[in-house]
Trainee: 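Here it is, the structure in full.
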There are 2 protein chains.
Amino acid sequence: MARKRGSHSDITGPKVREAALRLFARSGYAAVSMRQIAAEVGLQAGALYSYTADKQSLLFDLMREHLDDLNSSVDAETGQDTPIDQLEGFVRHHIRFHKSRAAAVFIAYMELRNLEPDNFATIEGLRRDYERRLEAILRRGQESGDFRPADPRVTAMALIGLLAGLTQWYRETGRLGIDEIEEIYWDLVRHAVRV
Amino acid sequence: MARKRGSHSDITGPKVREAALRLFARSGYAAVSMRQIAAEVGLQAGALYSYTADKQSLLFDLMREHLDDLNSSVDAETGQDTPIDQLEGFVRHHIRFHKSRAAAVFIAYMELRNLEPDNFATIEGLRRDYERRLEAILRRGQESGDFRPADPRVTAMALIGLLAGLTQWYRETGRLGIDEIEEIYWDLVRHAVRV
DNA sequence: GTCTATAACCGGATAGAC
DNA sequence: GTCTATCCGGTTATAGAC
């Protein structure tokens, strides 16, 4: 097949980001070279710099896009009336979202330390926004008497840890499907906080 | 001060491991160079190879020692009679152990992907041993009727995620002390699994 | 046991041809 | 838009002097 000519930035750009996502998730940001990313897309290393300023921007853009998507999509799933329904929406959305974007989720949790200071502050802010959504649900549930009284911040971080841990061990090929795991997790969370 | 001469391997060896632990935890294995570790101890890079075969062995030895300690120490805290007491021992031990060795814990969770295949298999086996201890406690508690029926493997992984998440956000200088957090976490776990 | 020096290699990023 | 070629600095690991 002849080498393609002409403009492909609208196709190649996404392909570069997808390759970076896949490789960063598999090997870690620091262990992946620009040459590897280029080879995955079928380019020479130099050509990558038409699509990204540098390696750091590649990581930062991936993380920011992921967290923006996460925050906007969770709002659509937590619009119910009661705190218990809101919590259920949050938990189920987290699990389904994190299954469908396992690589991005993994990067967002593992590569924080490879962000330069300014980028780190931005990403940390987006993570904090997500945590606060859960914290607010817990606070409302305590005020309504649906949830046992407990520090909302610590409880939110504990529950996010529980949910986030899924990416560490869940595999598509495992014994249980994501639907069964979703039920078990929701059951645990519900009993953990309800009166 | 004059440069020290003669044999110091019994002092320098541990200092090398401590420096590696600190630096790996702070910056990540891939981002730390042998030169940095050497500088931290006050050696030249070449001299490190008197104390370790290579950088990989440094990581592997740190992780194996940590997980061996974790597994043997948790047994001493989960020897109680009832499953609920065993679970409480497991949770409280995890939190205290992980606070006292934050750097090693962080490495054991973050640097798995930087282990070479054989080393990875060994470390993964030790992690699995730890998970199985919790799984066994949950299974006994279900058989005795103390815990609600729920898949013990998935429940164990969920609870370990909850506990392990602590290292991602807990800071010594934070609003709450580790004792208060320990109580909140134990309260969550207890309600999550009890009938 | 630790040093200096060096081998052999790989990293990100850029310049200029096409 | 992509290529080749290159810069320059970094990496792990080893050899041999002291």
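So you know, we letter chains A, B, ... as the sequences are listed, proteins then strands, and number each from 1.
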Trainee: For A/Tyr49 and D/dC3, give me the distance from atom OH to atom C1', rounded to whole Å.
Mentor: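 In whole Å, D/dC3 C1' lies 15 Å from A/Tyr49 OH.
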Trainee: In whole angstrom, give the distance that lies between atom CG of A/Leu59 and atom C1' of C/dG12.
Mentor: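 So the CG-C1' distance, A/Leu59 to C/dG12, works out to 15 Å.
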Trainee: Between A/Ser57 and A/Asp54, does the side-chain hydrogen bond (donor to acceptor under 3.5 Å, both in side chains) criterion hold? Intermediate values first, please.
Mentor: CA-CA 5 Å; A/Ser57 299; A/Asp54 51 23; 2.9 Å; yes
Trainee: Taking side chain to side chain contact (heavy atoms under 4.5 Å, CB included) as the criterion, tell me which of B/Asp81, B/Leu134, B/Ile137 meets it with B/Gln86.
Mentor: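 That would be B/Ile137.
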Trainee: Figure out the CD/P separation between B/Gln36 and D/dG10, and round it to whole Å.
Mentor: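 So the two atoms are 11 Å apart, to the nearest Å.
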Trainee: Evaluate the ring pair (Phe, Tyr, Trp, His ring centres under 6.0 Å) criterion for residues B/Phe90 and B/Tyr130: first the C-alpha distance (whole Å), next the side-chain angles of each, then the deciding distance (0.1 Å), finally the verdict.
Mentor: CA-CA 10 Å; B/Phe90 188 97; B/Tyr130 185 65; 4.9 Å; yes
Trainee: A/Met34 has a side chain; which of D/dC3, D/dA13, C/dG12 sits nearest to it?
Mentor: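 Nearest to the side chain of A/Met34 among the choices is C/dG12.
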Trainee: Between P on C/dA13 and CG on A/Leu48, what's the gap in Å once rounded to a whole number?
Mentor: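 Rounded to whole Å, this separation is 10 Å.
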Trainee: In terms of ring plane angle, is the pair A/His66 and A/His98 parallel, tilted or perpendicular, where the classes change at 30° and 60°?
Mentor: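 If you compare the ring of A/His66 with that of A/His98, the planes turn out perpendicular.
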Trainee: For C/dC10, take OP1 and OP2 only and decide whether either is under 4.0 Å from a side-chain N or O of A/Ser33.
Mentor: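 Answer no for this pair, as no side-chain N or O of A/Ser33 is under 4.0 Å from OP1 or OP2.
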Trainee: Does C/dC3 have OP1 or OP2 sitting under 4.0 Å from an N or O in the side chain of B/Gln44?
Mentor: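 Negative; the distance criterion is not met.
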Trainee: Do we see a donor-acceptor contact under 3.5 Å between the side chains of B/Asp85 and B/Thr82?
Mentor: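 There is such a pair between these side chains.
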Trainee: Tell me: NZ of B/Lys55 to P of D/dG10, nearest whole Å?
Mentor: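 Going from NZ in B/Lys55 over to P in D/dG10 covers 15 Å.
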Trainee: What integer distance in Å separates A/Tyr29:OH from C/dG11:P?
Mentor: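 That distance rounds to 14 Å.
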Trainee: Which part of the nucleic acid, if any, lies within contact of B/Val32, taking any heavy atom under 4.0 Å across all strands shown: a base, the sugar-phosphate backbone alone, or nothing?
Mentor: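 Counting heavy atoms under 4.0 Å across all strands, the contact made by B/Val32 is with sugar-phosphate only.
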Trainee: Would you say B/Arg35 reaches D/dT11's phosphate, i.e. side-chain N/O to OP1/OP2 under 4.0 Å?
Mentor: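 Yes, because at least one side-chain N or O of B/Arg35 sits under 4.0 Å from OP1 or OP2 of D/dT11.
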Trainee: Grab the CD1-C1' distance between B/Ile37 and D/dT11 for me, whole Å please.
Mentor: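 After rounding, the gap between these two atoms is 12 Å.
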Trainee: Could you pick out which residue, A/Ala31 or A/Ala53, lies toward the 5' side of DNA chain C when each is mapped onto its nearest nucleotide?
Mentor: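 Nearest-nucleotide comparison on DNA chain C picks A/Ala31.
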Trainee: What is the distance, rounded to the nearest whole Å, between atom CD of B/Gln56 and atom C1' of D/dA13?
Mentor: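 These atoms are roughly 15 Å apart.
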